[in-house]
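Let me begin by presenting the structure, written as structure tokens, before commenting on it.
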Protein chains: 2
Amino acid sequence: MTEVLPARSASRGPSMGDVAAHAGVSTQTVSRVANGLQNVEQGTRERVLASMRTLGYRPNKAARALRLGRFRNIGVIMFTLSSFGNMRTLDAIAVAAARAGYSITLVPVEHTTQSDVSVALARLIEQAVDGVVIVIEAHIVDKADVELPPGLPVVVIDSAERDDYPVIDTDQMQGARLATQHLLDLGHDTVWHVAGPETSYSASRREQAWRDTLVQAGRQVPDAVRGDWSTASGYAAGLDLSRVAGVTAVFAGNDQMALGALRAFHERGIDVPGDISVVGFDDMAEADSFWPPLTTIHQDFDVVGRRSIEILLAEIERGETTPGMVVAPTRLVVRSSTAAPRHVG
Amino acid sequence: MTEVLPARSASRGPSMGDVAAHAGVSTQTVSRVANGLQNVEQGTRERVLASMRTLGYRPNKAARALRLGRFRNIGVIMFTLSSFGNMRTLDAIAVAAARAGYSITLVPVEHTTQSDVSVALARLIEQAVDGVVIVIEAHIVDKADVELPPGLPVVVIDSAERDDYPVIDTDQMQGARLATQHLLDLGHDTVWHVAGPETSYSASRREQAWRDTLVQAGRQVPDAVRGDWSTASGYAAGLDLSRVAGVTAVFAGNDQMALGALRAFHERGIDVPGDISVVGFDDMAEADSFWPPLTTIHQDFDVVGRRSIEILLAEIERGETTPGMVVAPTRLVVRSSTAAPRHVG
DNA sequence: CGAGCAGATGTTGACGTAAACATTCCCTCG
DNA sequence: CGAGGGAATGTTTACGTCAACATCTGCTCG
């Protein structure tokens with residue numbers, strides 16, 4: 001009964017059948033042991049486990065997925081891993097998924113062109129995932145353009161509400177309002193804005209909330225300076241603003257651009273916050289060490305990542321759909337880059 | 001012939017069999033069309049493609065993997081996604097893998113404990129990957145402790161050479177030498193060092209090269225100040241150093257700690273680079289916007305990520321092994337945080 | 001004009017697993 | 001003491017795909 005079969009193939013590892021033959025039981029019993037079912041006698045279980053160890057057995061996930069129709073795998077489509085927020089979000093997603101026993105398949109999108117996006121989606125559509133998280137940053141991906149297979153659970157992390165999939169995001173507008181209001185509360189007449197790129201929904205949300213807050217307070221609304229999230233563009237914007245008379249308060253669309261502006265102001269001999277107050281957005285890990293330490297809006301990327309997985313798993317495992325938009329609140333972190341204007345108007 | 005079968009199951013998508021029935025051909029022909037083989041008549045091909053579209057067919061990756069014994073999937077084990085370098089490396093890995101037609105399964109390790117590492121490995125060992133890239137940062141993972149299945153191709157990204165797997169990494173020692181020598185060349189008597197955590201191989205490499213360079217130049221070697229990569233620890237180190245008399249040059253183990261030190265020096269009214277010169281390591285995207293813009297060592301994470309995939313795929317696809325350690329060179333980027341000491345000794 | 005061949009298409013079986021159903025054995029209880 | 005039941009274990013089958021082999025058609029060329 002306990003005869004040893006020779007390894008069948010050099011390239012493939014031992015299967016349940018091999019273990020079964022080695023232990024002198026049926027494959028089904030091996031399967032039961034592998035899955036921790038209780039209806040196996042203690043002695044048998046141990047014999048099987050010993051055989052598994054001896055043969056170096058490891059379960060074949062493909063066969064299991066084929067049999068079960070489930071992969072315990074979630075696809076993540078992301079544009080640019082090299083942004084602070086995305087990487088924090090990805091971290092949170094990966095950890096949350098791992099805790100639920102799911103693995104993450106990462107599909108990078110190199111260029112934000114429609115064709116690249118389609119290619120990325122095509123990869124995932126190869127049905128090796130139970131669900132998909134799409135982290136969008138740009139308008140590029142339109143509902144019409146993206147054809148995801150019907151029935152595949154999807155969650156979108158983005159700032160634009162959509163009617164086809166649940167969306168989750170930081171409350172961009174609340175954050176921008178917080179930032180702008182903070183500067184107004186300090187006594188500034190109005191607030192200038194270094195905006196993110198036009199292609200970004202979150203950039204336009206922040207810009208819109210900044211504008212709304214100023215209008216609501218009855219203040220003059222200066223033209224926004226357009227950046228692209230990079231420190232270089234923030235630096236350019238800072239240089240521009242330093243030539244404008246009467247600028248006392250700047251709300252930058254993210255911390256990187258704020259840092260660039262800070263550098264421009266240093267170079268021009270403008271004191272922050274003495275001459276100009278600066279507020280960022282994101283609260284990246286380094287923000288408290290900028291000079292001066294940056295007042296900014298804290299975004300809770302962990303919450304966004306975690307919630308996205310929760311919503312996705314609810315649909316995958318229990319068929320529950322979460323319609324509409326879920327929003328994670330932000331909070332203002334006051335450090336040393338903001339102060340009352342020197343000559344209160 | 002072209003009769004339409006009802007969908008068999010609500011939960012599973014259409015299979016090749018369904019497409020075949022719909023198009024009035026055999027499953028094998030559908031398979032040939034799906035794989036782009038040439039020996040299919042034009043008319044047949046179009047009919048099959050039309051059926052695939054109509055039915056919303058997508059290939060089942062699990063079945064394919066089971067059949068072929070290949071997954072076209074690479075596992076990536078990473079400790080902390082929240083470090084600048086790791087993220088850049090991951091980005092490069094993901095892009096390189098995608099170009100080669102492989103997907104990436106990301107396995108995060110929450111805590112750097114042995115048990116957590118084992119769990120992460122166990123996940124991958126579930127044989128859904130053709131190879132594994134391990135990005136290590138700490139000594140924790142010892143050869144003996146980690147039991148990877150034999151025959152599974154592995155590449156390690158780390159600073160410690162090992163005899164079991166190919167290793168690839170930035171040339172830490174060359175970089176640290178570059179940094180230290182740069183400061184000596186400017187005329188500083190010696191160079192202080194803010195080191196990374198003891199658990200990190202790369203930290204000890206950098207520290208060792210810093211020490212060697214000073215010794216070779218016949219300089220006095222001050223005690224290294226220990227940090228943990230964070231800006232907070234760099235700030236604490238900066239505060240410490242600001243109380244030591246005679247400090248004119250500091251080499252920080254990474255840019256974050258350099259930034260923290262910069263902040264400490266600002267607070268204490270110490271001018272950089274007038275009183276003290278500072279060099280970092282990594283060349284993170286923001287380093288050119290620190291105040292002052294940071295002189296640092298540029299690490300080529302893209303190269304490391306790309307090469308690791310090249311090496312891994314060479315082994316997976318062609319059985320070629322790359323023994324020993326592959327090292328990516330660094331380069332010095334001089335900005336404004338370094339200068340000659342005020343009173344040249 | 002028929003042997004022979006090339007290209008298109010079909011049939012069979014196996015990859016490793018687990019659900020569904022079948023069998024065996026032993027124990028309990030009327 | 002035998003029917004009935006439950007636990008352990010075995011047998012069969014299907015998941016979707018593709019390699020290998022089999023078949024069929026039409027055409028070339030001696």
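Order of the sequence lines fixes the chain letters, A, B, ..., with proteins taken first and strands second; residue numbering starts at 1 for each chain. Only heavy atoms go into these numbers, but all of them, side chains included; no hydrogens, no water, no symmetry mates.
For the pair A:Thr27 and C:dA18, the criterion of a side-chain N or O lying under 4.0 Å from OP1 or OP2 is not met. Within the structure, every side-chain polar atom (N or O) of B:Ser15 is placed at least 4.0 Å from both OP1 and OP2 of D:dC15.
Using a 4.5 Å cut-off on side-chain heavy atoms (C-beta onward), A:Val107 and A:Met78 make no contact.
Across residues 63-74 of chain A, A:Leu66, A:Arg67 each have a non-hydrogen atom less than 4.0 Å from an atom of DNA chain D (numbered order). For DNA chain D, no neighbouring residue in residues 37-45 of chain B is found when judged by any heavy atom under 4.0 Å.
The side-chain contact (heavy atoms from CB on, under 4.5 Å) check on A:Ala160 picks up A:Asp158, A:Tyr201, with sequence neighbours excluded. Partners of B:Phe301 by ring-ring contact (aromatic ring centres under 6.0 Å, His included), not counting sequence neighbours, listed by chain and number: B:Phe84. Remark: A:Asn60 engages B:Gln127 in a side chain to side chain donor-acceptor pair (under 3.5 Å) (not counting sequence neighbours). A search for side-chain contact (heavy atoms from CB on, under 4.5 Å) contacts involving B:Val129 returns B:Asn73, B:Leu124, B:Val132, B:Leu152, not counting sequence neighbours. Applying the side-chain contact (heavy atoms from CB on, under 4.5 Å) test to B:Ala92 and every residue at least two apart in sequence or in another chain returns B:Asp302. Residues meeting the side-chain contact (heavy atoms from CB on, under 4.5 Å) test with B:Val95, sequence neighbours left out: A:Pro108, A:Glu110, B:Asp91, B:Arg99.
C:dA18 atom C1' lies 8 Å from atom CE of A:Met16, rounded to whole Å. Taking atom CG of residue B:Asp18 and atom P of nucleotide D:dA14, one finds them 15 Å apart after rounding to whole Å. One interatomic measurement links the two molecules: CZ of A:Arg47 to C1' of D:dT9, which rounds to 11 Å at whole-angstrom precision. One atom, CD of B:Gln28, and another, P of C:dT12, lie 13 Å apart when rounded to the nearest Å.
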For residues 36-44 of chain B, please give each side-chain donor-acceptor pair under 3.5 Å, one per line with the distance, not counting sequence neighbours.
| from | atom 1 | to | atom 2 | distance (Å) |
| --- | --- | --- | --- | --- |
| B:Gln38 | NE2 | B:Gly36 | O | 3.1 |
| B:Gln42 | NE2 | B:Glu46 | OE2 | 2.9 |

All N/O donor-acceptor pairs, side-chain side in residues 309-317 of chain A, below 3.5 Å, sequence neighbours left out:
| from | atom 1 | to | atom 2 | distance (Å) |
| --- | --- | --- | --- | --- |
| A:Glu310 | OE1 | A:Arg307 | NH1 | 2.8 |
| A:Glu317 | OE2 | A:Tyr102 | OH | 2.9 |

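Pairs passing the side chain to side chain donor-acceptor pair (under 3.5 Å) check and including a residue from residues 318-327 of chain B, sequence neighbours excluded, read B:Arg318-B:Glu320.
The 5' end of DNA chain D is approached more closely, in terms of each residue's nearest nucleotide, by B:Asn60 than by the other of B:Arg32 and B:Asn60.
The OG atom of A:Ser51 sits 13.0 Å away from atom CE of A:Met16, with the distance rounded to the nearest 0.5 Å.
Annotation: the terminal axes of the helix from C:dC1-D:dG30 to C:dG30-D:dC1 meet at 50°, where each axis is the rotation carrying the C1' atoms of four end pairs onto the next four (5 pairs per end, rounded to 10°).
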